[in-house]
Amino acid sequence: MLRELNKKIISSICQQLEQALQTLKESGALKSQKLPPVYLEHPKIESHGDLSSNIAMRLSRKEGRSPQELAEQILDALSPASPARRYYEKAKVEPPGFINFFLSQESVVLLLQEVLSRSDRYGSSALGEGKTANVEFVSANPTGPLTVGHGRQAIIGDVLSNVLSFCKYQVTREYYFNNAGNQMRLLGESVKARYHELGGEAIEFPEDGYRGDYIREIAAALRREHGDSLKASPAKVFQEAAEKAITDDINRTLERIGVKFDIHFNEHSLYTSGKIDEVIEKLKQLGHAYLKDGAVWFKASAFGQKEDRVIVKSDGEPTYRLPDICYHLDKLNRGYDLIVDVFGADHHATFPDVLAGVRALGCDTERIRVLIHQFVTLKRGGEKVKMSTRRATFVTVDDLLDELAAGLRSELASAYGEDSPQTQQPVLERMARDAVHFFFNMRKMNSHLDFDLDLATKCTMENPAYYVQYAHARICSIFRVYRGRTDTPPIDFSSVPPDKLKLLTQEKEGSLIKTLSRFPRLVEEVATKFEGHRLNEYVLQLATSFQSYYNEHRVIGDDPDLTLARLCLVKAVQIVLRNGLSLLGVSAPETM
RNA sequence: GCGCCCGUAGCUCAGUCGGAUAGAGCAACGGACUUCUAAUCCGUGGGUCGCAGGUUCGAGUCCUGCCGGGCGUGCCA
């Protein structure tokens, strides 16, 4: 019954408005045949109420009357018998023609009760009930360590997966390993060259080879293990060893930031299973592929693309498009209701061809959502750092975590002492991980994410993750103090009577509860629009409101009833902070 | 050249289907610790929303053109 109360309030007020419009129409007071949709928004300014409708303004042109006048008329036509009536205390017309609703104290109490009774499920929506979703992200080639660019993608994908999961989708997190093709061959040749170099007989380093130090390390490890015995081995041997080493390294890093996958899909398996050949054949059969200059071309131009594309080169090797088409076909065939691809901006030009290919094979691509995120701009010493895996000018996620942990260590050591609990390695590691999660998800995907390394290393004060966590820890502390009192019975927060909660009459208490009540709607919006960053904003705003409240009012006081009511409020804030942080993959510590 | 993304306070960015007085953090300045954690709070200053047109009751938001930056534009991935 308390399920998704905020939604219920909004929809019943909308209904009441629609009814009023209908009544006016029937009585001839409204001439418009088609009425614009009614919706409510949260006004930015508190004096404008809690919910607001602009319906009068939208009608004004068609009706040829002033919005103000229309609004008054609609207000008068609101049925007092509507079930919506109990939710708000008053409704008011404000110029230029808004109808503003002010929630009743009863609503506020009900909203608070909903948070307390649903607890860790508060904010969860039934959006994906009975549906499956596949989220593909990171999918970095095993040709080098994870860079901060991949880091952003890892967190974006992780958070979206969490949110979909929270909305009852059955989520599969998937990592696509491009472990076939040209780049991998180049990787093998690069390692081979370094291996020979270390043996004192340098061979030519491949043009466009991978020049990072990690290539040398892999070569050195091979020497330690096999000595000189790989001297005559083909590049393939080095490629396999390198793939193994780099894959392990990537997985270690992912584990370090707490990002897990359900499926690691190997590109290579598409070849061994014969699916690649099947797709070529099928495209040819359907007349969507043809031979030209010794290569196989996909007729992308017949599917809305600008030009046709090579899918098998004249040397018989497929281009990346073919396995990509094949892979997406595979995902579609697995029957997911929703398929999300998270790609970096550098893939922007490639996915339309892939989707066209999938359509050419007779599948519709409506279930596929491609999300493109912009790059991470890295700054060090005020300078922008240019990153390239092949030229080895990159900052890895591991480096970043190390720098963060080191920076935190020195800050915390000077605040709490060298060997304090706050400066222990596991604590620092967790804080660094939390910071990375929060930071990488803070901006909308379409924006570049500016990452200032100098700031990150001293980010104790600057990182908003700590701010939110501090608010949570502070609430925990209130409960510790409360429990520390000898005469305090444990509270069952899910069944506090409404009349006790009515004592929450302070302005900041009301607005805090209203902020809490927006959480479920927000979660749904994040899940449907894929705007994970709004969670960061929300959680930050909630923490701010709480800190302000905390500073102004004491929770534990002399009046036991008021204390109880405030403990309930604070408990609800704790619940929502925890749920929000959990979606972000950020821990909610009990103490700081 | 063409395609996609971005341009909002000194810096980093939000800005809900087009709504009311464009917001936040940081930085700057001034205050608040006998307190449930000062990793906090309160206050002040700070804006031609890149530029120019257009659409309309109303534009940071939509359309067109231009300027500036990023990423693409492969028989690389």
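Note that these values count all heavy atoms, side chains included, but never hydrogens, waters or copies made by symmetry. We name chains A, B, ... by the order of the sequence lines, and we start the count at 1 in each one.
OP1 or OP2 of B:rA14 sits under 4.0 Å from a side-chain N or O of A:Ser447. Within the structure, every side-chain polar atom (N or O) of A:Tyr320 is placed at least 4.0 Å from both OP1 and OP2 of B:rA77. Distances shown here put every side-chain N or O of A:Tyr538 at or beyond 4.0 Å from the OP1 or OP2 atom of B:rU16. Contact annotation: A:Lys379 reaches the phosphate of B:rU12 (side-chain N/O to OP1 or OP2, under 4.0 Å). Phosphate contact (OP1/OP2 of B:rC6, side-chain N/O of A:Asn446, threshold under 4.0 Å): present. Regarding contacts with the backbone of B:rA77, every side-chain N or O of A:Thr350 stays at 4.0 angstrom or more from both OP1 and OP2. OP1 or OP2 of B:rG15 lies within a sub-4.0 Å distance of a side-chain N or O belonging to A:Lys444.
Rounded to whole Å, atom P of B:rC5 lies 14 Å from atom CG of A:Leu371.
The base of B:rC75 lies close enough to the side chain of A:Ser314 for a donor and an acceptor atom to sit less than 3.5 Å apart.
Using N1 to N3 plus N6-O4 or O6-N4 for Watson-Crick, or N1-O2 and O6-N3 for G-U wobble, each under 3.5 Å, B:rG68 pairs with B:rC6.
A donor-acceptor contact under 3.5 angstrom links the side chains of A:Asp341 and A:His328, judged on distance only.
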At a cut-off of 3.5 Å, list every protein nitrogen or oxygen paired with a nitrogen or oxygen from nucleotides 2-4 of chain B, distance to 0.1 Å.
| from | atom 1 | to | atom 2 | distance (Å) |
| --- | --- | --- | --- | --- |
| B:rC2 | O2' | A:Lys306 | NZ | 3.2 |
| B:rC4 | O2' | A:His348 | NE2 | 2.9 |

Listed pairs, N/O of protein and of nucleotides 20-22 of chain B, under 3.5 Å:
| from | atom 1 | to | atom 2 | distance (Å) |
| --- | --- | --- | --- | --- |
| B:rA20 | OP2 | A:Lys44 | NZ | 3.4 |
| B:rA20 | N6 | A:Ser52 | OG | 2.6 |
| B:rA20 | N6 | A:Asn100 | OD1 | 3.1 |
| B:rA20 | N1 | A:Asn100 | OD1 | 3.3 |
| B:rA20 | N1 | A:Asn100 | ND2 | 3.0 |

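The residue A:Asn178 sits close only to the backbone: its heavy atoms come under 4.0 Å of sugar-phosphate atoms, none of a base. Counting any heavy atom pair closer than 4.0 Å across all strands shown, A:His373 reaches no nucleic acid atom. Counting non-hydrogen atoms under 4.0 angstrom, A:Ala471 reaches nothing in the nucleic acid. Among the atoms of the strands shown, base atoms are found under 4.0 Å from some heavy atom of A:Tyr550. No engagement by A:Ser66 is indicated, since no non-hydrogen atom pair under 4.0 Å with the nucleic acid exists.
Checked against B:rA39, B:rC41, B:rC36, the side chain of A:Arg554 finds its nearest nucleotide in B:rC36. Looking at the side chain of A:Lys313, the nearest of the listed nucleotides B:rG74, B:rU40, B:rC76 is B:rC76. Residue A:Val481 places its side chain closer to B:rC36 than to any other of B:rC36, B:rA77, B:rC13. Distances were taken from every side-chain heavy atom of A:Met57 (C-beta onward) to each of B:rG72, B:rA39, B:rG19; the shortest belongs to B:rG19.
Map A:Ala180 and A:Asp346 each onto its nearest nucleotide of RNA chain B; the residue landing nearer the 5' end is A:Asp346.
Between A:Tyr466 and A:Phe438, the gap from one ring centroid to the other reaches at least 6.0 Å.
Between A:Glu317 and A:Lys313 there is no salt bridge, since no side-chain N of the basic residue sits under 4.0 Å from a carboxylate O of the acidic one.
In this structure, A:Gln305 and A:Pro352 have side chains that are in contact, with non-hydrogen atoms separated by less than 4.5 Å.
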